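Here is the structure we will look at, set down as structure tokens.
Bear in mind that the values here come from a model prediction, so they are computed numbers and not experimental data. For this chain, numbers begin at 1 and follow the sequence in order. Whatever order the structure lists ligands and atoms in, that order sets their numbers, starting from 1.
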Amino acid sequence: MNILVLNAGSSSLKYQLIEMDHETIVAKGQAERIGIEGANFRHRPTGGKPEYTVELPIPDHEAAVKLVLDALAHPVHGVVSSKDEIHAVGHRVLHGGSEFSESVVITPEVKQAIRRYFILGPLHNPANLMGIEAIEKILPKTPMVAVFDTAFHQTMPPKAYVYGIPYEYYRRLQIRRYGFHGTSHRYVSMAAARFLGKNPQDLRIICCHLGNGSSITAVDRGKVVDTSMGLTPLEGLLMGTRAGDMDTAVVEYIMQQDKLSIEEVMTMLNKKSGLLGISERSSDMRDVFGAAQQGDKQCKLAVDILIHRIRKYIGAYAAVMGGVDAVVFTAGIGENNAELREMAVEKLEFIGIKVDPVRNRKKADAMDISADDASVKTLVIATNEELMIARDTLALTNPR
Ligand code: ADP
């Protein structure tokens, strides 16, 4: 049973083909710079077949999907003997609004809903739909599932998702907190419960997904009760290039002072802020952290801001849930940067969170880094959104 997982971005398409009997990746790769000069495609089979990399014009997502399917069934670097051996396709979809609290089989109505939320996910939802339609054209009989980044957060109560602006905006324009990285938070919180040998219903978990985009989620007995991202992924922590939390009056002030348009300010907040904006060097934590350790003041400030916010959200979410049983770190920074983890939970001993420095320096897909005298478990769990998408796709389509 092979499930193809597609993750379409505005100018990229990432994929994994997962064999579900053993949940192993058979091949993965990506098309980059779709519709832009310098487009390239990379296919990496995992079973010893040669890698395949090519630079060629990729005009649109349909062309990218075709490259993926051709590579998967190619006589030299392919991993299936025909496209029919791709039994189902799971699509990561950014925004499902308030309509989807779970993954769904893709129907014309689901496509219509994805289109309806173009306005809330202007870069991703159109790309996601293009990926879906490209598969429909090439593999019209293959079942497909949409897995929404927003779905897991739909359990949030109104007090956590309604903004303090006239309610009419929620009623008329559905302006509210939606939250993102839901598939990762779901995977990681379930994996944390399994790792601890407990039922998710018995745990209050704070999930820290720290990657290029970062968010923290409070999962109270299996249900999200709050999350740091909002209407869009701009709110919350300091990220690679996104500003995260700030007074919205900053927007007006900058527009007036620098005579910028709203589009220019939004680009600044989404693309030029965060680690990049503060460090004035890089959006990549490896560069920023390395330079901070060498004494670079701007980089140190960027790291300090991120750590301050992580600690603040952990404290806030422990308060929201009336306590916490486990804090989980995941994604590129959360899984790899042990020093940052240690610094982020410093001072949280008063709520029982304490990391053991030796355990924290180890590396594993799932590990307990808590000190012996900590009453709260601190874990590191490698996220796997693709596997979660594949599992949902299998459960909903049960193809053969
Ligand atoms: P994305 O949101 O693009 O999926 P990732 O989860 O891959 O992002 O996280 C990217 C971030 O993780 C970058 O800031 C990168 O510097 C950081 N990162 C990745 N590997 C390491 C590492 N070994 N040590 C420290 N930081 C790392």
Problem set entry | Under 4.0 Å to a heavy atom of Gly213 - the qualifying atoms of ligand 1, by number | 2 (O)

Tell me, which protein residue and heavy-atom name are nearest [atom], and how many Å apart are they?
{"atom": "atom 25 (C) of ligand 1", "answer": "Arg286 CG, 3.6 Å"}
{"atom": "atom 17 (C) of ligand 1", "answer": "Ile333 CG1, 3.7 Å"}
{"atom": "atom 14 (O) of ligand 1", "answer": "Met285 N, 2.9 Å"}
{"atom": "atom 2 (O) of ligand 1", "answer": "Asn212 N, 3.1 Å"}
{"atom": "atom 16 (O) of ligand 1", "answer": "Asp284 OD1, 2.3 Å"}
{"atom": "atom 23 (N) of ligand 1", "answer": "Asn336 CB, 3.3 Å"}
{"atom": "atom 6 (O) of ligand 1", "answer": "Gly332 N, 2.9 Å"}

Under a 4.0 Å N-O cut-off, is there an ion pair linking [X] with [Y]?
{"X": "Arg204", "Y": "Asp220", "result": "no"}
{"X": "Arg42", "Y": "Glu32", "result": "no"}
{"X": "Lys300", "Y": "Asp304", "result": "yes"}
{"X": "Lys272", "Y": "Glu280", "result": "no"}
{"X": "Asp202", "Y": "Arg221", "result": "no"}

For this session: Using a distance threshold of 4.0 Å (strictly less than), state whether atom 4 (O) of ligand 1 has a protein heavy-atom neighbour.
Result: no

Exercise. Taking N or O atoms only and a 3.5 Å limit, does Leu210 qualify as a polar contact for ligand 1?
Worked result: no

Exercise. Side-chain heavy atoms under 4.5 angstrom apart, residues restricted to Ile, Leu, Val, Met, Phe, Trp, Tyr: same cluster for Tyr169 and Tyr167?
Worked result: no

Problem set entry | Check: Thr267/Glu264 side-chain N/O donor and acceptor closer than 3.5 Å | no

